[in-house]
Enquirer: 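Below is one structure. I have some questions about it.
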There are 2 protein chains.
Amino acid sequence: MSLLKVVSSKLAAEVDQELMGPGVGFTLPQLMELAGFSVAQAVTREFPPGSVSIDKSVFVIAGPGNNGGDGLVCARHLKLFGYNPVVYYPKRSERNEFYKQLVNQLNFFKVPVLPNEQGSTDWLEYLDPKKTLCIVDAIFGFSFKPPIREPFGTILDRLYALKGQVPIVSVDVPSGWDVDKGPITEHALKPSTLISLTVPKPCSTHLSPDTSHYAGGRFIPREFANKYGFEPFDYEGTDQVLKL
Amino acid sequence: MSLLKVVSSKLAAEVDQELMGPGVGFTLPQLMELAGFSVAQAVTREFPPGSVSIDKSVFVIAGPGNNGGDGLVCARHLKLFGYNPVVYYPKRSERNEFYKQLVNQLNFFKVPVLPNEQGSTDWLEYLDPKKTLCIVDAIFGFSFKPPIREPFGTILDRLYALKGQVPIVSVDVPSGWDVDKGPITEHALKPSTLISLTVPKPCSTHLSPDTSHYAGGRFIPREFANKYGFEPFDYEGTDQVLKL
């Protein structure tokens with residue numbers, strides 16, 4: 001049997017569940033720290049400090065779930081790497097204390113977290129294409145199911161309207177895409193970079209050929225990957241990302 | 001006022017407390033993940049796969065507290081980096097569920113965790129100098145206060161007896177040393193490498209000049225370091241360690 005190049009949203013959910021289940025015992029803060037770190041490392045590869053102006057901002061849009069949490073962690077590491085992240089986190093998880101702590105950590109690092117007034121488009125003022133290095137799209141991940149709820153429909157439309165003006169770095173899944181089928185709306189985002197966490201999802205086969213595609217989230221052993229029918233990646237040295 | 005090069009055990013405890021307090025909101029799993037990762041990265045710097053046989057084992061000795069936890073995390077990352085860690089964790093924290101999860105994670109990665117029978121010296125069989133790349137000393141950290149309790153007195157004596165035969169990589173503080181005063185017993189360990197987490201402790205000034213000294217634990221902003229009177233380190237790129 002040949003090994004899978006991508007795993008479905010269903011299988012990805014099973015992998016995730018087992019990693020955080022009683023047997024393996026990873027905690028959400030651990031996996032999120034490593035995932036967010038890997039996204040930040042991918043940003044440094046795509047936008048190396050020597051070749052771009054890192055005074056420009058990295059506009060991180062965090063969604064309501066774990067993908068958003070990865071974005072919050074990514075923003076903190078980007079700040080440590082000398083970048084200038086700005087975070088927009090419009091729909092904050094109230095049920096999970098840890099997400100509040102991730103925001104506190106950003107405050108500690110003086111990373112601006114924009115106010116989240118319902119329906120406001122003030123955030124667009126912070127997204128001047130001339131002053132923005134890239135957008136980190138951490139809105140939806142592998143558990144996304146349509147329809148897109150507000151305010152994210154509006155947000156994705158606005159990002160679509162910026163097409164070509166600011167590069168988009170998507171975390172795990174380009175937001176708004178169907179995880180298994182790829183872009184399903186006319187206004188689908190077109191990321192310049194995708195970081196597939198653990199293993200790519202089927203939607204990644206619909207990336208345009210000029211997209212930089214990375215594997216990130218280096219936290220599983222080979223046997224575990226093989227059990228689920230895919231091959232883990234041969235990361236180099238202590239790298240947390242691998243360009244595919 | 002000139003900035004501190006080292007911070008006392010008392011100040012280190014205050015820094016730690018603030019990082020995990022309600023204001024900043026770091027969780028133990030986050031900080032431990034980053035600290036353990038940095039120790040593993042330092043091991044790869046000191047023992048690069050190209051120049052040493054990484055088939056040899058890295059013998060990680062984990063103490064009962066947070067320093068031990070850093071060691072457990074380090075072992076997992078070393079395995080991911082292609083090394084061959086073996087963990088000895090003789091006195092396991094029962095009060096903290098997270099430490100059990102760290103052990104489960106090691107089992108998941110098939111990292112051997114030696115049995116912890118009281119008073120047994122079977123662990124020495126796994127510490128053959130010919131087959132051991134280095135020892136990671138994650139026994140005691142900055143909150144260590146003498147006297148040394150068993151079984152760690154015996155363990156430190158055994159490690160001392162191996163003097164010069166296997167390099168020792170100490171996490172934050174060479175175990176058995178007084179955090180503020182340095183080596184206080186005749187049989188003090190002599191590490192070949194020290195990774196000072198966040199900021200060096202006063203004992204680090206007693207290292208022999210041929211010790212490789214790294215800063216690790218890259219998780220604080222400059223202003224926070226300055227508030228406590230020290231300067232954070234200028235890590236390069238996405239590095240989690242900096243050779244001092």
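Within every chain, numbering begins at 1; the chains are lettered A, B, ... in the order of the sequence lines, protein sequences first and strands thereafter. What you see is a predicted model, and the numbers here were worked out from it, not measured in a lab.
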Enquirer: Is it the backbone or the side chain of A:Pro49 that comes under 4.5 Å from a heavy atom of chain B, or both, or neither?
Expert: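 Contact with chain B involves no heavy atom of A:Pro49 at all.
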Enquirer: Tell me, out of A:Ile220, A:Asp239, A:Val103, who's got the most heavy-atom pairs with chain B below 4.5 Å.
Expert: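 Most heavy-atom pairs within the cutoff with chain B belong to A:Ile220.
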Enquirer: Go through B:Gln41, B:Met32, B:Glu97, B:Lys110 and name the one with the most non-hydrogen pairs under 4.5 angstrom from chain A.
Expert: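 Of the options given, most contacts go to B:Gln41.
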Enquirer: Decide yes or no for B:Glu33 and A:Thr27: does some side-chain heavy atom of the first lie under 4.5 Å from some side-chain heavy atom of the second?
Expert: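 Contact flag for B:Glu33/A:Thr27 side chains = no.
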Enquirer: Begin with the C-alpha distance, continue with both residues' side-chain angles, and end with the deciding distance and a verdict on side chain to side chain contact (heavy atoms under 4.5 Å, CB included) for B:Phe26 and A:Gln101.
Expert: CA-CA 7 Å; B:Phe26 270 119; A:Gln101 289 182 258; over 6 Å; no
Enquirer: Determine whether more than 12 heavy atoms belonging to other residues, nucleotides or ligands lie under 6.0 Å from atom NZ of B:Lys56.
Expert: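 Atom NZ in B:Lys56 is crowded, with more than 12 foreign heavy atoms closer than 6.0 Å.
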Enquirer: Taking atom NZ as the centre, does A:Lys10 end up with more than 12 heavy-atom neighbours from other residues, nucleotides or ligands that are less than 6.0 angstrom away?
Expert: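 Count not over threshold, so no.
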Enquirer: Taking the side chain as C-beta and beyond, is there a heavy-atom pair between A:Leu80 and B:Arg222 under 4.5 Å?
Expert: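 A:Leu80 vs B:Arg222: side chains apart.
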Enquirer: Atom CD of A:Gln240 and atom OG1 of B:Thr238: how far apart are they, to the nearest 0.5 Å?
Expert: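 Atom-to-atom, A:Gln240:CD and B:Thr238:OG1 are 8.5 Å apart.
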Enquirer: Can you see which heavy atom on B:His77 is nearest to which on A:Leu34, and at what distance?
Expert: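 Result for this residue pair: CE1-CD2, 3.8 Å.
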Enquirer: Using a cut-off of 6.0 Å, state whether more than 12 heavy atoms not belonging to B:Tyr126 lie near its atom OH.
Expert: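 Counting other residues, nucleotides and ligands, OH of B:Tyr126 stays at 12 neighbours or fewer.
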Enquirer: Nearest heavy-atom pair of A:Phe219 and B:Phe108: which atoms, and what distance?
Expert: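 Minimum heavy-atom separation between A:Phe219 and B:Phe108: O-CE2, 4.4 Å.
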Enquirer: For the residue pair B:Phe81 and A:Arg218, establish whether any side-chain heavy-atom pair is separated by less than 4.5 Å.
Expert: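 Yes; the side chains approach each other to less than 4.5 Å.
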Enquirer: Taking all heavy atoms of B:Asn104 and all of A:Pro22, pick out the closest pair and write down the distance.
Expert: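 Heavy-atom minimum between the residues: ND2-O, 3.4 Å.
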Enquirer: Nearest 0.5 angstrom please: B:Gln30 CD to A:Leu102 CG, how far?
Expert: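 The CD atom of B:Gln30 sits 5.5 Å away from the CG atom of A:Leu102.
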Enquirer: For B:Phe37, which atoms come within 4.5 Å of any heavy atom of chain A: side chain, backbone, both, or neither?
Expert: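 It is the side chain, since no backbone atom gets that close.
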Enquirer: Quick check: are there more than 12 heavy atoms from other residues, nucleotides or ligands sitting under 6.0 Å from NZ of B:Lys100?
Expert: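 Atom NZ in B:Lys100 is crowded, with more than 12 foreign heavy atoms closer than 6.0 Å.
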